[in-house]
Amino acid sequence: MFSKVLIANRGEIALRVILACKEMGLKTVAVHSEADRDALHVRFADDDVCIGPALSKQSYLSISSIIAAAEITGADAIHPGYGFLSENPHFAEIVNECGLVFIGPSPSAIRLMGDKAKARDTAKAAGVPIIPGSEGPLRTADEALSVAKSIGFPIILKAAAGGGGRGMRICWDETELQTAYETARSEAERAFGVADVYLEKYLERPRHIEIQIFGDSFGRIVSLGERECSIQRRHQKLIEESPSPAIDADTRKRMGDAAIALCRAVDYVNAGTIEFLYQDGQFYFMEMNTRIQVEHPVTEEVTGIDLVKEQLRVAAGERLTVPEGELPLRGHAMEFRINAEDPVTFAPHPGKIREFHLPGGPGVRVDTAAYRDYVVPPHYDSLIAKLIVRGNDRTEAISRGKRALEQFVVEGVKTTIPLHRAILNDAAFVRGDFSTRFMESFER
Amino acid sequence: MFSKVLIANRGEIALRVILACKEMGLKTVAVHSEADRDALHVRFADDDVCIGPALSKQSYLSISSIIAAAEITGADAIHPGYGFLSENPHFAEIVNECGLVFIGPSPSAIRLMGDKAKARDTAKAAGVPIIPGSEGPLRTADEALSVAKSIGFPIILKAAAGGGGRGMRICWDETELQTAYETARSEAERAFGVADVYLEKYLERPRHIEIQIFGDSFGRIVSLGERECSIQRRHQKLIEESPSPAIDADTRKRMGDAAIALCRAVDYVNAGTIEFLYQDGQFYFMEMNTRIQVEHPVTEEVTGIDLVKEQLRVAAGERLTVPEGELPLRGHAMEFRINAEDPVTFAPHPGKIREFHLPGGPGVRVDTAAYRDYVVPPHYDSLIAKLIVRGNDRTEAISRGKRALEQFVVEGVKTTIPLHRAILNDAAFVRGDFSTRFMESFER
Amino acid sequence: MTFKEILELMAKVAEYGLGAVEIERAGTRIRIEGKPAAARPVSQSLDDGGDVSSRQTLVPSPGAVPLPAASNAPLEEPEAGLHIITSPIVGTFYRSPNPESDAFVSAGDRVSKGKVLCIIEAMKLMNEIECDVDGVLVSVYPQNGQPIEYGENLFAVRV
Amino acid sequence: MTFKEILELMAKVAEYGLGAVEIERAGTRIRIEGKPAAARPVSQSLDDGGDVSSRQTLVPSPGAVPLPAASNAPLEEPEAGLHIITSPIVGTFYRSPNPESDAFVSAGDRVSKGKVLCIIEAMKLMNEIECDVDGVLVSVYPQNGQPIEYGENLFAVRV
């Protein structure tokens, strides 16, 4: 095991890793920008180093400063947390070259999964379902038609040069496709100077469901069940839960096996997450995150496994402590992201936290690096706390979430607490009947 | 189910019950003394009534005020919490007579178990082991000798009129007993005017181990495992844990069966705790608590059962939700009582809490009704928070407890936090090798 | 900051009659408080303030019913010469012995020690509340049939 | 902020009869409260009480290593006419190109723009830190071979 771990991150995840290290008897090094002098991760670390000014590019994203901080403090391993350098293969390489342990997968795995096209091909090759569509641009309307028939309507036409909705057309039947094909091409031509369009299956109400996997250096790879992350806004997750109200044991097994197959294909080691789109019993590979996730606690609550400690053990060359055989998900867990932002406009709302009272009691967990009088700096993301509740079933988790959000007092900055309380009172949410489109309709 | 529950208590347990009611959709009524106007249980209840001045006897112990409070607020059930009126059979009777539901056992069960002698006889009759000794006063030295031989040395002689150590003699063999018998008698005579002495088995290093039981109105009674409560000072528990490092599955089963047998004998309904003294594989009935315990959370953490919600359901005539069959204890839980008192002298230390920062992260639970700027009143007990940690095993629970206690900041009043941190670093405690005498030696 | 500088600060605080000066810098903290306004010593105002702020921020959003304004009154100083009679028990307030009969007293009445002012019903018992001073009844706070907390204001008597 | 400036602020607070002036700048905090007028809301004095206590209390019990005093220095205004050179990178401080040779500079030396003052080693690279003003070197803060944080004071030059 390592003697001293440097955490190349800030905020709640940096503190989360520091506390895990403390429990394992490992010394810790916090790095921080000038804006984070008073941050809790700095207070609780055994050692701390200022690595640059507030601007991330010159501090939390400065590879040389972080490596130098490890050198002068004698750290022998680096935990990247999430965001910042956590999925930067170059950083992982340098860490290894400097004779330090990178607490995460191999640089090659990070690089491969970081390339959307390559990741998609790897998944396909590993037999992981991907969204069916045309191989590259369509040559003729007839080709479009035959592909569409083979995968079934509705389908969506997209500009190959694409993006931003221009050149996009959703078609529900052949006649629509015939007319839409040309419109899409001309629109694409006008927009991007290239008329090429391709098509793929259109999902009306997809769910974002991800599988937590974990591999060790002995070639063992396990699935720790799914997380339901469909409640998001502008691709920012708001509420995550496990298990998903939409996934049955059989589907869970199939998704887990697919995730494991993909990881095998890249000799994946340490924690990772495979994101899928799910609809009508079918799931399609979206992408893989080669790091710990913000929402990892919901998996910890239903599996009883401390994912961060497991990361440290596996990185130190130890075996997974996850018991052999099917892992039962116990009870139901939900995470609410408490962001310092306007609950209506979602505009970040940095400032001084004047009152901070945390909820407690059974089944309530809070991960946070904030405290009363802490000043939320404007330079970084607006997450100030994660409220995680656990219940024997989804109904209890929801009622527990409601009372915990009522108990949670934050004054001085606006937060998403009122939004979460509103969502918990939404009939469709309570029924578990929603897709990634939930927030669109909810905000209307 | 009830519509509105009045909580005849204060502090963390009042808040605990209110939060459970919220999760079950029940309205709540808080009662409070003039000293508790700003207490959190008052803030979070749907309704609240001032029932008297600070003095408990005129407020939290005033039966008429509490019943009247239920009348004017339309409450239909009363939860007594622990302490105060929770084990007062007269109160339970009046509650029932007023057509309200008392959330606890029958008045008769409370009365019977409240009488130490009757409780002991009931236990004996139910086949529950009690400390072996002479039936009443000894008539001759020979009788003393024969009884001593039959139960085995060491034994302790006690003055029948007794108390306060006077007339007490510990004997390790026959010769000691022969001389001690007369000394004890004369000492007793001088002290109490009565020479009568009796003897019972002397336990050198007993553990305080209690069994949590639960009965419903359909005659089902279950044991929810043990709690190890040997770490106490002046009979005040400081740290409780479950399971006990001293109890194996077989002993757990035997103690559970004994506890259930006793409860059957009194048709026990709702939550209760049977306290045993344990030494060398033998356990002896001490007393029964006919209410929820301060330390109930450690049982909740290892069984996954919300005991307070279960109390409400059972009192409403519903069946226990505890699954049939052997209930596995999952992981290991520990509770640390954070009292506003001097960690060395244990003198209560009321005052204003100027800073209050709670620990968080995986496996950490805090039950508290305190908050920053809360003034701990001098009139009531000094418990301001309960820190409960859960780990996969005792080792993890201890390391988690250490880091959580380090994270727990309370300023303005002295607390037992430093004491707990010291205990967690004690080799004997870490080995799990201790008795109710632990604190005596620890404080030296 | 040198000792001399601190002394100088103290002198200035006194000279300018300032409330307080506080300087905090890398580990060092200096706070100098001037003469407290006779009205309320600083420490006390902090305590009150503390309670106030917690009262504001910790009031749970929905649900909780704030104490009836009246019940906070005894905490305040009553108007000079005005004697407030508060409830010694919890129960339901009745101005008359029974629905048909007249109120025991009304504003403007002369009242004297021992005069029954109202009944508070608790646990089916009718508790008569007697006047404990001689004077003129100025106001009756609760409505007939209203629930009453311990210490809640019932009557005001001008002595 | 210099001591003189603080005194000036105090004078103005008194002169203008202000309620309070508070200046907070990473690490440094100054608060000046005017005459405690009965009108002044309690909440203000409450807030600073809060700030202070939390800053003290959230410093973790054991374990955490406080920042080297020096590294807070750049936050304060240096003595007039004194120019502080701080470290642009994290690494190990060396006063000479190699153990055998002499230090690049010593206190008392005249230094000029572009003059190499020290080496900071990071990731096996020797980074030469050059002087950015002309003047006389007054002090060298770190010891040879000492670890250096970003922004930590290295040299003081009298311009």
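Chain A is the first sequence line, chain B the second, and so forth, proteins listed ahead of strands; every chain is numbered from 1.
- For the pair B/Pro362 and A/Glu300, the tightest heavy-atom approach, listed with the atom from each and the gap, is CB-OE1, 4.4 Å.
- For a heavy-atom cut-off of 4.5 Å, chain A lies close to B/Gly304, B/Asp306, B/Lys309 in residues 303-313 of chain B.
- When every heavy atom of A/Glu406 is checked against every heavy atom of B/Lys22, the shortest pair comes out as OE2-NZ, 3.0 Å.
- Residue B/Ala397: no heavy atom, backbone or side chain, is found under 4.5 Å from chain A.
- With a threshold of 4.5 angstrom between heavy atoms, B/Ile398 does not approach chain A through any atom at all.
- Rounded to the nearest 0.5 angstrom, A/Gln407 CD and B/Ile18 CD1 are separated by 10.5 Å.
- Both the backbone and the side chain of B/Arg400 come within contact range of chain A, each with at least one heavy atom under 4.5 Å from a heavy atom of that chain.
- Taking 4.5 Å as the limit, every side-chain heavy atom of B/Glu23 sits out of range of all side-chain heavy atoms of A/Val389.
- If you tally non-hydrogen atom pairs under 4.5 Å between each of A/Pro359, A/Gly363, A/Gly25, A/Gly361 and chain B, the highest count goes to A/Gly361.
- Note that CZ of B/Arg372 and OH of A/Tyr371 are 13.5 Å apart. Values are rounded to the nearest 0.5 Å.
- For a residue to count as touching a neighbouring chain, one of its non-hydrogen atoms must lie under 4.5 Å from one of that chain's; by this rule A/Leu15 touches chain B with the side chain only.
- Note that CZ of A/Phe356 is 7.5 Å distant from NE2 of B/His357, once rounded to the nearest 0.5 Å.
- Here A/Arg330 is the residue among A/Glu301, A/Arg390, A/Arg330 with the most heavy-atom pairs under 4.5 Å with chain B.
- Applying a 4.5 Å heavy-atom cutoff, none of the residues of residues 5-14 of chain A approach chain B.
- The residue among A/Asn392, A/Leu19, A/Asp367, A/Val366 with the most heavy atom pairs within less than 4.5 Å of chain B is A/Leu19.
- Between B/Phe44 and A/Arg403 there is no side-chain heavy-atom pair separated by less than 4.5 Å.
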